[in-house]
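What follows is a single structure, written as structure tokens, with notes after it.
No hydrogens, no waters, no symmetry mates; every other heavy atom, side chains included, goes into these values. Convention: sequence-line order gives letters A, B, ...; per-chain numbering from 1.
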Amino acid sequence: MNIIQHVANLLIRSVFHADPASWPWTWLVQAVVIGIAAFLAFAFVAIFAGPVSWIERRIAGRIQSRIGPNRVGPQGVLQWLADGVKCWLKEDLVPAAADRPLFLAAPYLVFTGMFGAFVVLPFGAQVVAADLNVGILYLLAITSLVVVGLLMAGWGSNSKWALFGGVRSAAQLVSYEVPSAFSLLCVVLLAGTLSTQGIVAAQGGWPWDWFIFRNPFMFAAFFLYFTAAIAEGNRTPFDLPEAESEIVAGYNIEYSGMRFLFFLFAEWANIWIMAAISAFAFLGGWQIPGIAPEQIAATKGWEFVGWQALSWTIFLVKATFLVFVVIQIRWTLPRLRVDQLMITCWKYLVPLSMLMVLGVLVLLALVPEGGGADTILRGAMVGLGLAVVLVSALRVRRTFRVDREHYREMEGRDLWYPPYRLP
Amino acid sequence: MVPAVPPPVRPNPVRAYFGNIRRAVSSTFEGMTVTMSWLFRRPSTIQYPDRTEKPVREMLPETYRGLLEVDLSRCTACLLCAKTCPLGCISIETCKHPDGAREFQTFDIDNGLCMFCGLCAEACNFDALAHTREFEASVSSAEQLTVRFVDRPGRLVAKAKDLPPRRPRGSILAALIPGFGRRRRRAAPPEPPASPAPAPAAGAEGPENPEGTA
């Protein structure tokens, strides 16, 4: 039973003193609870998308050796509110030659496609709006709605740049659906279910129980999925639909005011969604180390709430970490050309992700779960993951140290400057 | 005779394919470590304008062409500047007293029109009209862009024979518009003395993990 039915039944029993199974107004209470849940998810998107835009700009600033927004509120944390108010006050301009209905509806379609994904995201042990048994399929389908919105925006704007952007984004999203679906297929094969909660339940709290460390093919599939998801979210280095240097701003060039903000809003929320999907499909989702999901479900009262909050926090930490990675990739890699984009997808990601599906299938048949070979594989993959993290940390340290000596020679000052300090 | 062209060396496609994958992974990894280390480096920029060592206008060269100002005590109302201005942003009006003396009615400079070409300042024979180093000219309405230099009625036009010394540049503009371009300044927080080796702790680099590629 999911949390919405749970809360609705609790309400009916305690407030209306009726039996939820036979009471005629059960559906009404459930509808109200669903409405509240949708509102909470919406508030989460809004409150998440805003500060992430500020964090991204600060990180971008430091990577480019400048400061980034730092004036509105302490450290500039309220910059997103100022930007929102600014966009709100701008005129909502519709070009005279635009296809008016398409132009007006496009941002909402993009936003709906993005927001619909929140229905099946498993935030916590019991915190999910609806645990559909076709969860992954639903995710792939509903996020494709964004393509329609972008095409509508591109066509409806009656601008060649917008049309280029819309067509580019359609080609890109349709292409990259394939590798991302294949990579998620690996997860589905291991979990034996399409339900998002089922996928999380098939993993465990400890890293060696996560799907990413199950075997080498899953390890590769994670990165394949991550790359494809970045491309599907129109993020750098795959942000061709809004390449400023080629097509000015792409599909959203003719938009202003709140409609423009909706596009940006969907983009920020999309980062969160792809990070969340990676986190629950590969990184163990909300699983708490050492506690089985059944034990959490069996608790009552405040203990239950506490475990839910803890699992929610764990999921949030994992997803936020991936959001940071996405942001850093944006400020690291240059944009791909259109042909390179298609080559990356069809010549590299698609065959490789097919290979990963085959590999996972073979290992499923050859290596029984829980056996000695399985344990060795998992241990080796966790070791590999730790090695990657350690080596990269050492590389960061080395890069920094070399330049620090040069800086001290040239400037007579120390190069070290923590990210929170404002010069 | 056509010179013999050596046949092009075609790379082994399989090696090229896997070489591309290897290069993509390694270059992304390298790039991520470099950008990560930049998060802990001192930025090149400082917060404008309140953390500069002195006001920015004082760091500009003497010949900087900032906002125009006129010292009316040296102005003979010859109208050379107004006639030289390609945009007509200077408007001067005078009236004659019965005793022959002339009085300024208006001396307005529209900074919204001015393109800071410096022709007027060059045309001025008495060093009355000159550029200042003031450049922070934002105001809240377009009308405020026009600076009116006739501060009191009965301001007489100067005679070229006896001119008072030129007042310091910028002082007239500053007196005319109090607070104009004078922004609030904050002192930078004291920086802790650099300890021998506060290297970026390897464990404390939260969003690190430059492995987000395949």
- Atom OG1 in B/Thr33, atom CZ in A/Arg397: separation rounded to 0.5 Å? 14.5 Å

- Option from A/Val396, A/Asp403, A/Ile63, A/Val402 for which side chain to side chain contact (heavy atoms under 4.5 Å, CB included) with B/Ser37 holds: A/Val396

- Starting at CG of B/Leu39, measure out to CZ of A/Phe324 and round the result to the nearest 0.5 Å. 9.5 Å

- Query: Measuring heavy-atom distances to chain B, does A/Tyr225 have an atom under 4.5 Å in its side chain, in its backbone, in both, or in neither?
  - Reply: neither

- Note on the structure: A/Val388 and B/Phe29 have their tightest heavy-atom pair at O-CE1, 4.4 Å

- Can you check whether B/Ile21 reaches A/Leu352 side chain to side chain, under 4.5 Å on heavy atoms? yes

- Nearest heavy-atom contact between B/Met32 and A/Thr332 is N-CG2, 3.6 Å

- Flag, side chain of A/Arg62 to backbone of B/Arg41, donor-acceptor distance under 3.5 Å: yes

- Message: Please verify the inter-ring angle class for B/Phe40 with A/Trp416; under 30° counts as parallel, over 60° as perpendicular, anything in between as tilted.
- Response: parallel

- Beyond-backbone contact of B/Trp38 with A/Thr399, side-chain heavy atoms, under 4.5 angstrom: no

- Where does A/Pro351 contact chain B at under 4.5 Å (heavy atoms): side chain, backbone, both or neither? side chain

- Query: To the nearest 0.5 Å, how far apart are CZ in A/Arg66 and OG1 in B/Thr45?
  - Reply: 8.0 Å

- Taking ring pair (Phe, Tyr, Trp, His ring centres under 6.0 Å) as the test, write out the residues that go with B/Phe116, two or more places apart. none

- Message: Distance alone, cut at 3.5 Å: any donor-acceptor contact between the side chains of A/Ser65 and B/Ser44?
- Response: yes

- Task: Considering only heavy atoms and a distance below 4.5 Å, find which of A/Arg398, A/Glu411, A/Lys347 pairs most often with chain B.
- Result: A/Lys347

